[in-house]
Amino acid sequence: MESIKVIDDILPDNLLKNAMSMLENLPWYYGHRSRLGDIKFWISVLDDRPFFTNTIYEMIKPHLDGNFKLVTVYANGQTYGLDGAYHFDSEDDDTYTFLLYLNDINRDNVEKIGGHILFKEGDTIKSIEPILNRGVFFRSTVRHRGLAPSRLSNILRTSIAFKLL
């Protein structure tokens, strides 16, 4: 499972606060799916938002293993009961995904809230906690699924997905 890179504390405090504030005021749409027939979840398309496509992406670029073109960026949102199904983001070996977690899940409450991302390669499953300001970089051909937060929380588990080529 060396194809998955986890990086903490991606954004400085001022950009983190701005990003969190922007997420609260975005137009969110219910009905996005990882695959046809899967459970629907929340999405907000960010391709026309320079704060995410330029400012945040520039903060991410030093953590990437290579030079990439940003194809699209959007926010995913899950509430209790909206577990995603295992899927690939792409079948193209040259594509990558970078997830940036921007939610109220931290090291103190993650065991209660959950919302992990699971990666499955062969018979092995790797679970990564969706900690605030954590980035996860992986080849888009790796099977994965995002789990919803537990019923003990009332948060929207959010990640910003940067699709790269």
Side-chain touch [X]/[Y], heavy atoms, less than 4.5 angstrom:
| X | Y | answer |
| --- | --- | --- |
| Ile125 | Phe119 | no |
| Thr55 | Leu15 | yes |
| Ser44 | Pro27 | yes |
| Val73 | Ile160 | yes |
| Lys126 | Leu118 | no |
| Tyr101 | Asn133 | no |
| Trp28 | Leu156 | yes |

Among Leu16, Ile56, Leu132, whose side chain to side chain contact (heavy atoms under 4.5 Å, CB included) with Leu100 holds?
Ile56
Go through Met20 and Asp104 one step at a time and tell me if the side-chain contact (heavy atoms from CB on, under 4.5 Å) criterion holds.
CA-CA 9 Å; Met20 296 286 287; Asp104 293 328; 3.7 Å; yes
If only side-chain N and O atoms count, and only distance matters, is there a donor-acceptor pair under 3.5 Å linking [Y] with [X]?
| X | Y | result |
| --- | --- | --- |
| Ser3 | Glu121 | yes |
| Arg139 | Tyr96 | yes |
| Thr95 | Ser90 | yes |

Any idea which heavy atoms bring [X] and [Y] closest together, and the distance?
| X | Y | value |
| --- | --- | --- |
| Val142 | Phe88 | C-CD2, 4.1 Å |
| Arg107 | Ile131 | N-CD1, 3.8 Å |
| Asn106 | Asn109 | N-OD1, 2.7 Å |
| Ile105 | Arg157 | CD1-CG, 4.2 Å |
| Phe98 | Gly135 | CZ-CA, 3.6 Å |
| Gln78 | Ala148 | NE2-N, 4.0 Å |

Should [X] and [Y] be regarded as members of a common hydrophobic cluster, given that ILVMFWY residues are connected when their side-chain heavy atoms come within less than 4.5 Å of each other, either directly or indirectly?
| X | Y | value |
| --- | --- | --- |
| Met22 | Ile155 | no |
| Leu82 | Ile43 | no |
| Met59 | Phe68 | yes |
| Leu99 | Ile60 | no |
| Ile128 | Ile7 | no |

Between the main-chain N or O of [Y] and the side-chain N or O of [X], is there a donor-acceptor pair closer than 3.5 Å?
| X | Y | result |
| --- | --- | --- |
| Asn103 | Thr158 | yes |
| Lys5 | His63 | yes |
| Ser153 | Ile113 | no |
| Trp42 | Thr79 | no |
| His87 | Ala85 | yes |

All pairs passing salt bridge (charged side-chain N to carboxylate O under 4.0 Å, His left out) where residues 76-100 contributes a residue, at least two apart:
Asp89-Lys163
Is it the case that more than 12 heavy atoms not belonging to Asn54 sit under 6.0 Å from its CG atom?
yes
Less than 4.0 Å between a side-chain N and a carboxylate O, is that true for Asp38 and Arg33?
no
Yes or no on side-chain contact (heavy atoms from CB on, under 4.5 Å) for Ile117 and Glu129, after CA distance, side-chain angles and deciding distance?
CA-CA 7 Å; Ile117 185 169; Glu129 297 172 328; over 6 Å; no
For Tyr86, does the six-membered ring have the charged nitrogen or CZ of Arg145 within the cation-pi criterion, i.e. under 6.0 angstrom from the centroid and within 45° of the normal?
yes
Please report whether the ring centroid of His32 lies less than 6.0 Å from that of Tyr74.
yes
Below 6.0 angstrom between ring centroids: does that apply to His144 and Phe138?
yes
How long is the gap from CZ on Phe137 to CG on Asp65, to the nearest 0.5 Å?
5.5 Å
side-chain contact (heavy atoms from CB on, under 4.5 Å) between Leu164 and Leu70, intermediate numbers included:
CA-CA 5 Å; Leu164 310 167; Leu70 180 60; 3.8 Å; yes
